[in-house]
Participant: 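There's a structure below that I have some questions on.
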Amino acid sequence: MIDIKYIRSNPDIVRKAIVDKNEKADLDTLLAADEKRRKLQYDFDQLKAQQNAVSQVIAQKKRAKEDANAELSEMSKVAEEIKIIQSALNEINYEVESLLLTIPNIPHPSVPVGRDEALNEVIRHEGEARKFGFEPKDHLDVATANEMLDLPRGAKISGSGFPIYTGIGAKLERAIITFMLEYHLQKHGYRELMVPLVVNRKTMTGTGQLPKLEEDMYHISEDDLFLIPTAEVPVTNIYSDEVLSFKDLPQKFVAYTPCFRREAGSYGKDTRGLQRLHQFNKVEMVRFVEPEQSEAALEEMLADAEDILKAFGLHYRVVSLCTGDLSFASQKTYDLEVWAAGSGKYLEVSSVSNFGEFQARRANIRYKDPEGKMRHLHTLNGSGLATPRLMIAILESYQQADGSLEIPSVLKPFMELRV
RNA sequence: GGAGAGGUGACCGAGCUGGCUUAAGGUGCACGCCUGCUAAGCGUGUGUAGGUCAAAAGCCUACCGAGGGUUCGAAUCCCUCCCUCUCCGCCA
């Protein structure tokens, strides 16, 4: 969330951020509520000070066995007043907090302003698109020919969007995950975490999925728990309500998890094969850094994600999301879009974002800087990578004229493990 | 799920028959003094958030797992919930 003090003194910047991000936050109501809250807090403090002072007098008189009835009756009135203000204060505090949670993060100045994805900025292209001496098939045909997927039975046991990877398909998926994890561990210096796939409401609010995106989440109502839409949620929240030392920073984590998304509102859009799923696998990178380091860390993380695509020899492009396509919590985001050689389009396989202190404020993650000052650290995360569309790109780029699939050389060691 | 014990400031730990404790004492940390260095010793300081102020100092308010209640006054009494540990039950 944004610092209320910042909002108070820079309402225009915040208002512009809300418009640029196509959000519907009610800034005026928030400012009015904040004003009211401060007034009530002042009155409360005054009365409390009086009560504390007179309580001392009462205590003294009682100890000296003197009569304190005058003070007692005076204080019973004050106590009643305090009770009324207290409950009004609780109410307004809740209102301010709730409204504050609906204010989006402010885009970084370098982010292009634009209404929707059409105005995203393609920064550069990398790698060569494979040329075929034959008519390439799309990933679903390749997968079917090689018995790697069973989508109908996945739909039967769970619903559409819940894929079954079969035989060599399952093994390939597992190899991709393991390869990416080991790459980040060994070449990029991340620390691996295995985390819960189910989190509570507070955790979902900490990273910014709630309250806005509740309908996109699978919810276990009996326990008020949510299936994670990304490992970002549990991993970023591991330090919630904690104070780290500057000596602990930076920290870099990588975690593999399945991800669960209801994808409400996107039915019928790009649904063929593995393009859009309710459950998919993803390796996620998360960083905790000092504020001064976050911009450099974003570039580093982008490079970390790109290294995976390079290792597979895939063609891709780097896109800087415009304000309208930026997520609620993000300050700046790069997407990596891999070239699907068979279907002839770019598919998003990674999203690398700097959240500034936005998530750290929500989740209350702080650190002590070298001067001993308490500050909110900055958080970042990036997919490294999400597997389904990577699988699409691999199937389409590595298909052979005879319909078989070549295994990318970097995956071979993971496909050939012996027991 | 059942029974018991417990959750206090960076850490340890007292307070828990309600008011000279709006948190003792210790450790750690910071600064100073002292000793040739280190250690020891001595002294001072030591949280977070909000408010007041041009700013700092100072002062005020809140915070003893969370929320609510009793009371003029709650770390201390009562209720609900959460978490940790031990034992029992169930179970991969």
Side-chain angles (χ1 to χ4, degrees), chain A residues 1-9 30-101 194-206 210 220-226 234 237-249 251 258 288 291 357-358 360-377:
Chain A
M1 74 178 98
I2 311 284
D3 187 358
I4 184 66
K5 282 185 279 188
Y6 181 89
I7 297 177
R8 218 179 277 145
S9 45
L30 170 61
L31 289 169
D34 173 52
E35 189 64 32
K36 192 173 163 197
R37 183 183 67 81
R38 294 169 71 197
K39 282 211 179 79
L40 280 169
Q41 182 71 53
Y42 179 80
D43 293 345
F44 178 79
D45 285 355
Q46 295 303 308
L47 285 171
K48 259 301 196 182
Q50 185 190 353
Q51 184 182 67
N52 287 342
V54 178
S55 282
Q56 292 301 311
V57 175
I58 293 172
Q60 256 169 22
K61 289 202 168 179
K62 290 227 161 179
R63 262 197 306 276
K65 306 257 192 267
E66 291 171 30
D67 175 68
N69 284 334
E71 285 82 1
L72 283 175
S73 73
E74 182 197 355
M75 279 306 99
S76 83
K77 276 185 226 128
V78 172
E80 233 166 275
E81 231 179 307
I82 287 176
K83 200 170 275 186
I84 291 163
I85 293 185
Q86 171 87 266
S87 84
L89 193 57
N90 286 347
E91 214 170 291
I92 198 77
N93 271 333
Y94 178 79
E95 193 186 338
V96 169
E97 282 302 309
S98 304
L99 287 167
L100 212 43
L101 289 175
M194 286 194 97
V195 295
L197 307 181
V198 166
V199 299
N200 59 33
R201 190 169 283 276
K202 182 168 183 283
T203 300
M204 274 297 186
T205 307
L210 292 181
I220 302 160
S221 60
E222 199 172 0
D223 301 298
D224 199 23
L225 295 170
F226 298 85
N237 278 285
I238 59 174
Y239 290 132
S240 64
D241 294 319
E242 289 191 36
V243 179
L244 307 183
S245 161
F246 70 94
K247 293 177 201 149
D248 300 328
L249 300 174
Q251 290 204 32
F288 300 91
E357 62 171 36
F358 189 81
R361 264 186 196 283
R362 288 188 159 234
N364 190 27
I365 309 170
R366 295 175 297 175
Y367 81 104
K368 275 209 161 119
D369 74 7
E371 279 80 51
K373 256 182 60 184
M374 201 70 105
R375 302 177 67 188
H376 291 278
L377 49 73

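Residue numbers begin at 1 in each chain, while the letters A, B, ... track the order of the sequences.
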Participant: Output every pair passing salt bridge (charged side-chain N to carboxylate O under 4.0 Å, His left out) with a member in residues 68-80 of chain A, not counting sequence neighbours, ordered by first then second residue.
Facilitator: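 Passing the test, one end in residues 68-80 of chain A: Lys61(A)-Glu71(A).
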Participant: Taking RNA chain B as the partner, which of residues 57-66 of chain A come within under 4.0 angstrom of it by heavy atom?
Facilitator: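 Output list: Ile58(A), Ala59(A), Lys62(A), Arg63(A).
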Participant: Distance check, C1' atoms only: U22(B) and G28(B), in whole angstrom units.
Facilitator: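 Between the two C1' atoms, the distance is 25 Å.
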Participant: Rounded to whole angstrom, note down the P distance from U44(B) over to C53(B).
Facilitator: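 Result for the P pair: 34 Å, nearest Å.
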Participant: According to salt bridge (charged side-chain N to carboxylate O under 4.0 Å, His left out), who are the partners of Asp241(A), at least two apart in sequence or on a separate chain?
Facilitator: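 Residues passing salt bridge (charged side-chain N to carboxylate O under 4.0 Å, His left out) with Asp241(A): Lys202(A).
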Participant: Considering only atom C1', compute the distance from U70(B) to U80(B) and round it to an integer number of Å.
Facilitator: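 Nearest-Å result for U70(B) against U80(B) at atom C1': 15 Å.
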Participant: Say you pick atom C1' in C85(B) and the same atom in C29(B); how far apart are they, in whole Å?
Facilitator: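 It works out to 31 Å between them.
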Participant: Under a 3.5 Å cutoff on both atom distances, Watson-Crick or G-U, what's the dot-bracket for RNA chain B ([ ] crossing, | other strand)?
Facilitator: ((((((((.[[[..)...(.....]]]((((((.......))))))((((((.....)))))).[[[[[..)....]]]]])))))))....
Participant: Using side chain to side chain donor-acceptor pair (under 3.5 Å) as the criterion, list what pairs up with Glu95(A), not counting sequence neighbours.
Facilitator: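 Expected list: none.
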Participant: For A23(B) versus G65(B), give the span between their P atoms, rounded off to a whole number of Å.
Facilitator: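 One P to the other, the span is 15 Å.
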Participant: What is the minimum heavy-atom distance between Ala33(A) and Ile92(A), and which atoms define it?
Facilitator: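 What the structure gives for the nearest pair is O-CG1, 3.6 Å.
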Participant: In sequence, state the C-alpha distance, the side-chain angles, and the governing distance for Gln56(A) and Asn52(A), and then conclude on side-chain hydrogen bond (donor to acceptor under 3.5 Å, both in side chains).
Facilitator: CA-CA 6 Å; Gln56(A) 292 301 311; Asn52(A) 287 342; over 6 Å; no
Participant: Shoot me the first and last contacting nucleotide of RNA chain B against chain A, ordered 5' to 3', at under 4.0 angstrom to non-hydrogen atoms.
Facilitator: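 First-to-last contact on RNA chain B, by the 4.0 Å heavy-atom rule, is G19(B) to G73(B).
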Participant: For a quick test of reading the model, state the closest non-hydrogen atom pair linking Ser240(A) to Ile365(A) and the distance between them.
Facilitator: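 Between these two residues, the closest heavy atoms are CA-CG1, 3.8 Å.
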Participant: Quick one: label Asn90(A) by what it contacts on the DNA or RNA (base, sugar-phosphate, nothing), any heavy atom closer than 4.0 Å.
Facilitator: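 Sugar-phosphate, backbone atoms only, no base.
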Participant: Carefully, step by step, assess Lys83(A) and Gln86(A) under the rule side-chain hydrogen bond (donor to acceptor under 3.5 Å, both in side chains).
Facilitator: CA-CA 5 Å; Lys83(A) 200 170 275 186; Gln86(A) 171 87 266; over 6 Å; no
Participant: For Lys48(A) and Arg37(A), take the nucleotide of RNA chain B holding the closest heavy atom to each; which residue's nucleotide lies nearer the 5' end?
Facilitator: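 On the 5' side of the pair lies Arg37(A).
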Participant: Is it the case that over 12 heavy atoms from other parts of the model lie below 6.0 angstrom from the CD atom of Glu91(A)?
Facilitator: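 Atom CD in Glu91(A) is not packed in, count stays at 12 or less.
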Participant: Would you indicate what Lys83(A) reaches in the nucleic acid, counting non-hydrogen atoms under 4.0 angstrom: base, sugar-phosphate, or nothing?
Facilitator: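 Touches sugar-phosphate only.
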Participant: Of all heavy-atom pairs between Asn237(A) and Ala363(A), which one has the smallest distance, and what is that distance?
Facilitator: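 For Asn237(A) versus Ala363(A), the nearest heavy atoms are OD1-CB, 3.6 Å.
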Participant: Using a 6.0 Å cut-off, check whether atom OH of Tyr94(A) has over 12 heavy atoms from anything other than its own residue.
Facilitator: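 Check fails, neighbour count at 12 or below.
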Participant: Could you measure between the two C1' atoms, the one in C81(B) and the one in G25(B), and give it in whole Å?
Facilitator: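 Nearest-Å result for C81(B) against G25(B) at atom C1': 33 Å.
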Participant: If I pick the C1' atom on A74(B) and the same atom on U17(B), what distance separates them, to the nearest angstrom?
Facilitator: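 Comparing C1' positions in U17(B) and A74(B) gives a spacing of 14 Å.
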Participant: Looking only at the side chains, is there a donor atom on one of Asn93(A) and Glu97(A) sitting less than 3.5 Å from an acceptor on the other?
Facilitator: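 No - no donor-acceptor pair under 3.5 Å links their side chains.
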Participant: Quick one: on RNA chain B, does Phe44(A) or Ser76(A) contact a more 5' nucleotide (nearest heavy atom)?
Facilitator: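 Result: Phe44(A).
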Participant: Which pair of non-hydrogen atoms, one from Ile82(A) and one from Phe44(A), has the smallest distance, and what is that distance?
Facilitator: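 Heavy-atom minimum between the residues: CG2-CE1, 3.9 Å.
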Participant: Taking A66(B) as the reference, what is the distance to C82(B) when you measure between their C1' atoms (whole Å, please)?
Facilitator: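 One C1' to the other, the span is 7 Å.
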Participant: Would you classify Arg201(A) as touching base, sugar-phosphate or nothing, given that sugar-phosphate means primed atoms plus P, OP1 and OP2, and contacts are heavy atoms under 4.0 Å?
Facilitator: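 Here Arg201(A) touches no strand at all.
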